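In what follows, a single structure is set out as structure tokens and then discussed.
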Amino acid sequence: MAHSFETKKLVCPESVSAKRFALFLLVISMVGIGRAQGNGPERDATALSTLANSISAMGGTNGWGNIQDWTITGSVSTSGSGQQAAFSWIGAGPEFRIEVDPGENTNLFLSGHGSPARISNGNISFINYFVARANPPLYLPGVRLVQELNNQQLTIQYVGTTSVNGVAAVQVHVSDNSDAQGALVTPHDWYFDATTFLPLQVTMRLPPNEDPGSYSNGTLGFGSFQAVNGLLAPSQIVLTSDNSNAKTFTIASVTFNSGVLQSEFDPPQGGGQ
Amino acid sequence: MNRSRILWAVSVGAILLFGCATPALCQDTDDIQQGIKAYGTYRGGDIDLVSMTNGSLTLNIPLVSYPQRGKLHLGYELVYNRKNYINKTQCIIDTCTEHAILNTFGSPLIAVSDRGFTAKVTTVAELGNPNVLVGWYSLVSPDGGSHILGEVSSTDYETVDGTGLYTNNPSVGAVAYDSDGSKIGTYGMLEDTNGNQLAWSGSNVTDSVGRSIAYPPQQFMGSSNGAGTCPTGPLPVYGNTTWSVPGPAGGTTNFVFCWAKVNVVINYDLSDGTQVWSEQSYLQSIVLSNGTNWTFQYSSDGNGDLTEITLPTGGTITYGWTDAGSCSGAWKYPRAVASRSVNANDGTGSHQWTYSGLWTYQNGSAATVTDPLGNNIVYTVAGFGVCQSYVTAVNYYQGAVQSSNLLKTVTTTYSTTPSPFGQDVGQNSMNIVPTQVTTAWANGKTSQVTNSYDSGFSFMSPRPNDNTLFTGLYGKVTVEKEYDYGSGSPGLLVKQTNTSYMWQSPNPNHSSYLGNNMLNLVYSTQITDGTTQKAYTQYGYDETSTIASGLGASQNLDTSVWTGM
């Protein structure tokens with residue numbers, strides 16, 4: 001058995017160089033942004049002014065900047081199932097305590113000061129940190145937008161104009177690209193009413209605890225803004241996500257600066273799986 | 001940049017590049033394994049195979065093939081990709097909810113090139129350090145079979161399941177080389193080892209004789225465009241797509257893909273028990289150029305299982321389905337074939353095979369195949385780690401499963417080595433290759449074949465800050481020993497075949513052959529009876545000038561000591 005064979009290099013230097021360079025660019029874009037480059041993350045003026053306009057429309061920077069903690073209660077219903085439950089969202093800065101009480105059960109999702117946990121029917125299990133990181137208080141746009149304007153680590157980019165449910169809108173992209181995990185789980189896009197600058201919706205990633213890379217996409221749609229101590233907050237929020245039934249949150253009460261204890265955000269001692 | 005950061009960056013970059021990182025899918029644990037796994041065991045017919053370790057169905061229905069120059073190959077086929085659900089715990093403003101989510105949408109039956117690889121990345125949390133992610137690549141073949149890649153160097157990756165596949169940079173797309181050294185891209189073969197090439201532009205190809213061929217339609221997107229020339233039923237036709245390809249005598253051949261809406265569950269919310277259903281466009285029939293067609297029917301119970309194939313000849317293959325078990329913790333169990341009935345449309349009616357098994361993937365668990373005549377074959381599996389099961393014993397019975405009916409038993413022993421991949425889910429083994437196959441007949445007569453493999457290659461641990469080197473096998477048999485029949489145990493060694501491959505040192509130009517992944521080219525074979533050489537053949541390729549056969553002259557046998565592995 002013999003046949004001719006023209007020796008060739010398996011690895012083409014040009015193509016590999018191009019590929020390696022493409023990978024290098026990718027790595028730089030994903031990891032290097034905002035890290036020790038001196039320039040900091042991109043925060044364009046149009047995007048920043050859009051966020052500032054929205055904060056003004058909701059009551060102003062001073063008012064929202066003075067919010068130290070918040071407690072929001074209401075009820076949530078699931079489309080298609082008719083199921084209803086009470087909920088509460090308690091937060092202070094980056095910490096949160098989310099509670100839903102569907103009947104006999106109580107479900108909690110706690111930020112845990114860096115060690116997030118869930119409690120379901122009294123059973124505590126710890127959640128990966130990136131899940132908490134993907135859950136800033138987007139449901140309270142006034143608080144969150146002030147946080148984003150003040151956090152110089154965040155990339156804030158003006159995307160352009162679009163429409164949301166037939167309403168002319170302005171889109172701004174926000175993400176924390178200071179590290180790879182942040183670049184993966186934190187990107188979200190705000191859509192503001194182009195006339196009133198009230199937030200119409202925010203789209204975000206929903207990374208499952210098992211694997212941040214297999215995130216779903218979610219949307220919080222805001223409606224019926226109402227004044228609380230002169231600050232506008234949505235009284236209805238609709239959560240939609242890939243493959244899931246929509247959930248409508250109807251807000252019954254909003255309380256600011258009630259002196260929430262930091263221990264609210266931690267699971268009870270001695271539990272965990 | 002330290003090693004952990006490189007891994008991090010590559011993983012994240014690749015996730016974004018491919019838009020895929022479903023860990024359960026990517027790890028391909030045995031319960032959700034698709035396609036043909038290396039050294040797996042399957043039963044079925046010419047176009048369908050049922051796995052004897054997880055009950056999954058693999059289909060390969062050839063559509064069209066175009067002869068090419070040299071060793072180039074270009075062909076298209078229908079494959080059936082198993083639909084799996086993966087668990088996801090999502091925490092947001094409604095607290096944490098657990099879902100079993102369908103991992104792929106659209107038709108499970110798709111037309112693909114019969115050669116081709118895509119690359120995917122797997123990300124898992126480091127054991128004991130869940131905020132550190134570890135990533136590795138795999139090559140995925142058209143049937144959905146997945147092959148984990150070991151990082152030999154920053155530009156060289158080789159599969160670690162004995163398949164001998166190579167790629168030089170999976171992070172930017174899959175251009176792989178099979179063990180022949182043929183270059184294969186996502187949509188098909190690119191180049192053979194003699195330099196013959198297919199010219200690809202995206203998914204379109206101009207073949208080696210100048211024909212332009214588009215890739216077959218994958219899914220039906222958009223609004224309904226009616227039935228066109230599609231046959232009716234079993235479901236109303238939602239849309240049709242014509243795939244026009246070169247036909248005989250310079251003409252054109254049309255395949256009409258007909259799509260129907262199948263209602264399947266895409267999400268089980270485990271927290272509140274609700275289900276989300278969705279109408280998905282499934283391939284219902286393909287009309288061939290001669291007017292005949294393949295027709296496919298699916299279950300309406302939310303699983304969307306393939307329940308019947310009608311062949312162009314009018315024959316049918318009907319499948320019954322059941323839940324398989326799960327070894328990866330999947331809440332929604334994968335589906336397994338419970339029965340397969342073949343009606344050849346020859347007037348003899350339907351003939352059924354049944355597949356019964358618990359599909360537990362545990363040591364000693366078994367699947368039993370009963371043929372239309374009532375004969376049984378029992379496949380017993382062993383697990384080489386969680387979710388890594390292989391058939392180790394096959395018992396053939398004439399009639400019912402009872403010792404008096406036992407015809408023969410074939411037992412297989414595998415060798416494995418510790419794996420750095422998938423340890424988070426207990427997948428501790430790799431290089432799983434059969435080393436010993438023993439056949440024992442009912443009368444006690446027993447024979448045996450043993451295999452030894454190449455010494456393989458070293459690759460780096462995929463885990464951050466881990467400098468451990470691992471060894472992967474190319475999967476080439478270097479020593480095969482065949483033992484005679486004995487009574488109760490194998491008899492004497494009657495034949496030993498020692499094979500040395502071109503890529504193995506010190507064979508001439510071995511590094512070039514290895515560099516081109518030409519793993520299958522044999523340099524020499526030596527046949528012995530265990531001690532004395534009986535035959536020796538040496539092969540030459542590029543570097544050896546033509547040698548006269550020696551016929552008619554005295555034989556000039558090479559009696560030098562065999563130095564291969």
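Chain naming here is simple, since letters A, B, ... match the order of the sequence lines and numbering starts at 1 in each. These figures come from a predicted structure and were not determined experimentally. Quick note: numbers below take in every heavy atom, side chains included, and nothing from hydrogens, waters or symmetry partners.
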Check whether [X] gets within reach of chain B through its side chain, its backbone, both or neither, counting any heavy atom under 4.5 Å.
| X | value |
| --- | --- |
| L239(A) | side chain |
| F87(A) | neither |
| V76(A) | neither |
| F249(A) | side chain |
| N107(A) | both |
| L138(A) | neither |

Polar side chain donor-acceptor pair, E99(A) to T95(B), under 3.5 angstrom
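No.
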Flag the one option from [options] with the top tally of heavy-atom pairs under 4.5 Å to chain B.
| options | value |
| --- | --- |
| F96(A), Y139(A), W89(A) | W89(A) |
| N209(A), I98(A), I237(A) | I98(A) |
| L220(A), L110(A), V131(A), L206(A) | L206(A) |

Is there side-chain contact between K88(B) and S216(A), with heavy atoms separated by less than 4.5 Å?
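Side chain of K88(B) against side chain of S216(A), heavy atoms only: contact under 4.5 Å found.
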Atom group of Q275(B) that falls short of 4.5 Å from chain A, counting heavy atoms
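Looking at Q275(B), just its backbone touches chain A.
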Ignoring hydrogens, what is the shortest heavy-atom contact between N135(A) and C91(B)? Give both atom names and the distance.
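Nearest pair, atom of N135(A) first, then C91(B): ND2-O, 2.8 Å.
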How many angstroms lie between atom CZ of F109(A) and atom SG of C96(B), to the nearest 0.5 angstrom?
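Reported to 0.5 Å precision, the distance equals 5.0 Å.
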What's the spacing between S214(A) OG and I86(B) CD1 if we round to 0.5 Å?
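Result: 5.0 Å between the selected atoms.
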Decide side-chain contact (heavy atoms from CB on, under 4.5 Å) for R118(A) and E98(B); before the verdict, give the C-alpha distance in whole Å, the side-chain angles of both, and the deciding distance to 0.1 Å.
CA-CA 12 Å; R118(A) 64 176 297 199; E98(B) 290 164 321; 3.2 Å; yes
